[in-house]
Structures are given as C-alpha cells and as structure tokens.
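Each ligand, and each atom within it, is numbered from 1 in the order the structure gives.
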Amino acid sequence: MLNIGCHLSSSKGFLAMGKQALKLKANTFQFFTRNPRGGKAKTWEPSDTAALLALMQEHGFATLVAHAPYTLNPCSADPSVREFAKSVMAGDLANMELLPNQYYNFHPGSHVGQGVETGIDWIVSLLNETLRPDQTTLFLLETMSGKGSEIGRSFEELRAILDRVQLREKMGVCLDTCHVYSAGYDIVNDLDGVLEQFDHVIGLDFLKAIHLNDSMTPFASNKDRHEKIGQGSIGFDAMVRFVSHPKLRDLPMILETPNELPGYAQEIERLRDAQI
Ligand code: FE
Ligand code: FE
Ligand code: ZN
C-alpha cells in the first residue's frame, strides 16, 4: 500500500491533522513545526501529540514529516541569522521528541555569495551543535532545485554535508521530485539512472521520504514552482512509475502541490489507484 499524504495546516493541532489525513485517505502527512515564516513556535500540547500517536497506531500510519520554517538560513553570512536558525532547530527538536521517531525535514540553506564550501561549513557546524545522541527524531536534508545560491542542488552537496556530521545516524534525505527534476536529474526518462546516482553518491539507505510534486517549469530550469500531479513537466505517467518503483514505493510520500483539501484527496486517490 502506498504511504501517501499531503501537507496540512497545523492551526487546529495534532489530533485534528490526523483526523483530517484519514478523511483524505492519507496515512501520513506533513506539517510546519511553527509559522512557516519563522518566529514563535505554536504550542505543542503533550496530550494532543499523544492523541495523534494513538490515532496513528490505530490506523497504521507511516512516519510523519515535520517541515522546518523555509525561511531559516542555516548557512547565512550573517551570524545572527545562523544563530536564529540554530535556536529554532533546537526548539523544534525538543518539540519533535513529543512525537518520537518521526522525520524533521529542512532546507540546507543558501550560501548568499560565500561559496558552497563555506555554506556547507556553516550547516555542518549547526548540525553538530544541535543533534543529540539520545534523540529519536531523524533530520532530513531536502534536495533543492538550485535557485539562487541554494545548497543541496546536487547529491554531491548533500553527501558533503552528511560526510561531516558526527551523528550521521540521525540524518537522512528527503527527495523532492519537483526540485530534483528542476535541478537536472531526469526522473522522467531515466529514473533508474537517477536512483543509481543517488545510491552511488549518498546511498539509498539515507533516502527516507519523498515530496511528491509535479513541476511548473521545464527540466533543469533550476526553478522551484510546484504543479498539481499530472499537470506539469513531469507528468502523470512518470509520477506513477515513481511511486511504483520498488526502491521508492514503501517511503512516505508527501504532496506539496498547489491544492485545497479536495484536490489533495483526489491526487491521493488517483495515485493509490494507479500504483503498479
Ligand atoms: Fe521544502
Ligand atoms: Fe519540498
Ligand atoms: Zn519546492
């Protein structure tokens, strides 16, 4: 069975998201750990997270994906921006332990002219100061499209980060189909080749979750514009091959397509029906 869900609003709390997911016939979902623009954490109520965990167990949910605010820049040139990213991630980690054994996905950041190597130095030191041996949460680096000075546009850049993280067993990768296609990995015509490359450079063991998005822009455009499934440059058939691939089919897959809830329900149903 496909483990699929979508990004949900966390404004009504955790149990509400779990119930919403069930209505959409989802068995996983993604949520922001706090306001996506950064700032104050919303309240993580232990009784609410416990109620969600019970619901997840009852209904056989796959692992959830929490998403860090996308405005964090762990590798900014500005020390106060890096410090802010560090305090948000440390706070998020403490909260995430109320939902043990789930995933925490984040964007590696943008080096803003300092160069890739300096950017990678910053993100590595932030991770080495943040990760803890006793945490159950896995931190996922997201594959990026390579717009601007984004780090994570290639498997090699993610490998360079992972190589230097001391608690590497607390790390994984979340592959975003829109982003990798936009970054020049041809998952439409050569999915096997892309997965071979991922395995060779990073190791498929590190691949823990998928962001399932079509792309508004052409192959290798280095843009980041998500499209509804089947309406973009990736197309429905390639998406079905993707979710059916033996090396991918068991991973949690999260839709981040431009949809309201009924649109998400439809995409979930179509992909479940079409999976080979
Ligand atoms: Fe993201
Ligand atoms: Fe994504
Ligand atoms: Zn994106």
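- Inside a sphere of radius 2.8 Å centred on the Fe ion (ligand 1), the protein N/O/S atoms present are H67 NE2, H107 NE2, E142 OE1.
- Residue contacts to the Zn ion (ligand 3): D224 brings an N, O or S atom closer than 2.8 Å.
- The existence of a salt bridge linking D192 and K247 is excluded, since no basic side-chain nitrogen approaches an acidic carboxylate oxygen closer than 4.0 Å.
- Side chains of E256 and N213: a donor on one and an acceptor on the other come within 3.5 Å.
- Under 2.8 Å from the Zn ion (ligand 3) lies an N/O/S atom of H179, whether from backbone or side chain.
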Run the side-chain donor-acceptor check on residues 54-67: report pairs under 3.5 Å with partners two or more places apart or on a different chain.
unit_1, atom_1, unit_2, atom_2, d
H67, NE2, N105, ND2, 3.2
H67, NE2, H107, NE2, 3.3
H67, NE2, E142, OE1, 3.3

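- Donor-acceptor pairing under 3.5 Å is recorded for the side chains of S80 and D78.
- Distances from the Zn ion (ligand 3) show that H226 has an N/O/S atom below 2.8 Å.
- Y264 and H7 have their aromatic ring centers separated by at least 6.0 angstrom.
- Summarising the local packing, CD of E269 is surrounded by 12 or fewer heavy atoms from other residues, nucleotides or ligands at distances under 6.0 Å.
- Note: Y185 and F155 have parallel aromatic rings, judged against thresholds of 30 and 60 degrees for the angle between ring planes.
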